[in-house]
Amino acid sequence: MLHADLSPTLLRELTELAASLARAAGDEALAGRRSIPTGNHVDHDTKSSATDPVTEFDRAAERRIVDGLIAARPDDAIVGEEGANRPGTTGIEWHVDPIDGTVNYLYGRPEYAVSVAVVVGDPTTAGAWRPVVGAVANPETGQVYHAYDGGGAYLRDEAGERRLTVTSVQDAAMVLLATGFGYEVEVRREQSRALVEILPAVRDIRRGGSAALDLCTVASGVVDAYAERGVHLWDIAAGWVIAGEAGARVLTWSGGPDRPLGILAAPEAVADALLELVARAFTGARRDPLG
Ligand code: LIP
């Protein structure tokens, strides 16, 4: 059931809450990273594979965000990458990726972010849900990207706040495309095959290591588009709203039961051409995407 009262006032309040918690958790994660000399990896466990890390700072950041959400909105549902799973009664569900780009965080590379989003509807049913609020904070740069449904996309940093719009690229062959790769060998094998089709058809690709930031770079025009197959909702929910509010068409498709999502975010002028390319390249990418 979609939430009844998604007024602009409520959406603004939810966005500010998301942005403030993302910033606070990010600052704590940054302090943790800087407490360890560069060149030393943060101690970590692994999840889906030996290359899929989770650190104490991922868990601490998620706790910080969850505690803040419960204090502010105790009846909302919460889903977090590191295990937060709290039912709710309001129809509002928070999706939290406490550190997106964890491998970059591990190595001391600056491309990682805290992603906090609100999703309404039923994320377990294709087409019956959508993200409506998103905040993505990059602790290394102090940048906070934020947006809510119908409110525009913004970047807030030490220079102030400015509205974001996607690029005006008209030709798919001139698209600078952000993409990413999963942790599991079979997913990476499929993604490698997809690159054989995609790389010759676009200007070039960029691999930043954080889906949340990749979507924000589409919104800010730092790249033209982003496509990846194998991401989770918590990776993309906030960036989805931000890229969409900056003028991108955002399309997702399901990888099937227990399989992650595929996503394409692109300016309208090249969205159809890129969708055809992605649907050719990624097995299982649907030509009739979810939304
Ligand atoms: C990451 C995604 C990125 C993908 C990585 C990884 P994590 O999420 O944001 O787009 O390419 O393989 O899944 O694991 O850093 O939260």
Side-chain angles (χ1 to χ4, degrees), residues 22 25-26 29-30 32-33 41-42 44-62 65 79-84 95-117 131 134-140 145 177-195 198 205-219 222-223 225-243 250 252-253 255 258-266 278 281-282 285:
L30 178 64
R33 174 62 252 183
H41 286 185
V42 177
H44 62 281
D45 300 320
T46 58
K47 297 188 295 187
S48 64
S49 76
T51 59
D52 181 4
V54 56
T55 74
E56 62 174 286
F57 302 108
D58 290 81
R59 297 187 181 108
E62 185 162 293
I65 295 164
V79 175
E81 178 175 8
E82 305 317 338
H95 284 253
V96 177
D97 189 338
I99 298 179
D100 186 56
T102 304
V103 172
N104 288 336
Y105 183 78
L106 206 61
Y107 278 76
R109 298 176 62 90
E111 306 97 341
Y112 62 89
V114 179
S115 179
V116 180
V136 174
N138 181 333
E140 294 279 349
Y145 300 84
L177 180 72
T179 191
F181 309 112
Y183 294 114
E184 295 158 351
V185 170
E186 281 316 306
V187 175
R188 294 171 72 80
R189 198 180 310 280
E190 178 194 330
Q191 291 166 332
S192 310
R193 288 193 200 103
L195 270 189
I198 291 171
I205 68 161
R206 292 292 182 269
R207 195 305 194 239
S210 163
L213 285 180
D214 286 336
L215 285 160
C216 292
T217 57
V218 173
V222 172
V223 296
Y226 163 66
E228 185 169 352
R229 209 297 263 149
V231 289
H232 294 273
L233 185 51
W234 49 63
D235 292 320
I236 61 171
W240 177 339
V241 184
I242 294 162
V250 182
T252 59
W253 63 92
D258 305 324
R259 295 283 293 163
L261 292 164
I263 185 168
L264 169 67
V278 164
F282 285 112

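Counting convention: from 1, in listed order, for ligands and their atoms alike. The chain is numbered in sequence order, starting from 1.
Contact atoms of ligand 1 toward R207: 4 (C), 5 (C), 11 (O), 12 (O) (distance under 4.0 Å to a heavy atom of the residue). Every atom of ligand 1 with a heavy atom of F181 under 4.0 Å away is listed here by number and element: 4 (C), 5 (C), 11 (O), 12 (O). Those atoms of ligand 1 with a heavy atom of A211 less than 4.0 angstrom away are 2 (C), 3 (C), 9 (O), 10 (O). Each of the following atoms of ligand 1 lies closer than 4.0 Å to a heavy atom of D235: 8 (O), 9 (O), 16 (O). The contact set between ligand 1 and E81, taken as ligand atoms under 4.0 Å from a residue heavy atom, comprises 16 (O). Heavy-atom contacts of I99 reach the following atoms of ligand 1: 16 (O) (cutoff under 4.0 Å).
Checking only distances, G180 never comes within under 3.5 Å of ligand 1, N or O to N or O. For ligand 1, the polar-atom distance check finds an N/O of G101 within less than 3.5 Å of one of the ligand's N/O atoms. The distance criterion of under 3.5 Å between nitrogen or oxygen atoms is met by E228 with respect to ligand 1. Distances between N or O atoms of D52 and those of ligand 1 include no value under 3.5 Å.
Considering R33, E140, E111 in turn, E111 is the only one that fulfils the side chain to side chain contact (heavy atoms under 4.5 Å, CB included) rule with N104.
Between the side chains of T102 and D58, a donor-acceptor pair is found at a separation under 3.5 Å.
Under a 4.0 Å heavy-atom criterion, I236 is not in contact with ligand 1.
For the residue pair T179 and D214, the shortest heavy atom distance occurs at O-OD2, 4.0 Å. Of all the heavy atoms in V114 and P98, the pair that sits closest is CG2-O, 3.1 Å. When all heavy atoms of D100 and A212 are compared, the closest pair comes out as OD2-N, 2.9 Å.
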Exercise. Does the side chain to side chain contact (heavy atoms under 4.5 Å, CB included) test come out yes or no for D97 and Y112, once each step is laid out?
Worked result: CA-CA 11 Å; D97 189 338; Y112 62 89; over 6 Å; no
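Every residue two or more places apart in sequence or in another chain that forms a salt bridge (charged side-chain N to carboxylate O under 4.0 Å, His left out) with R189 is listed here: E186. Judged as a side-chain hydrogen bond (donor to acceptor under 3.5 Å, both in side chains), and not counting sequence neighbours, the contacts of E82 are K47.
The part of Y183 lying near ligand 1 is the side chain, judged by heavy-atom distances below 4.0 Å. Heavy atoms of S210 found under 4.0 angstrom from ligand 1 belong exclusively to the backbone. Contact annotation: for H232 versus ligand 1, there are no heavy atoms closer than 4.0 Å.
The environment of CZ in R109 is sparse: at most 12 heavy-atom neighbours from other residues, nucleotides or ligands sit within 6.0 Å.
With a 4.5 Å cut-off on side-chain heavy atoms, V103 and P53 count as touching.
Remark: minimum distance from atom 1 (C) of ligand 1 to any protein heavy atom is reached at D100 OD1, 3.8 Å.
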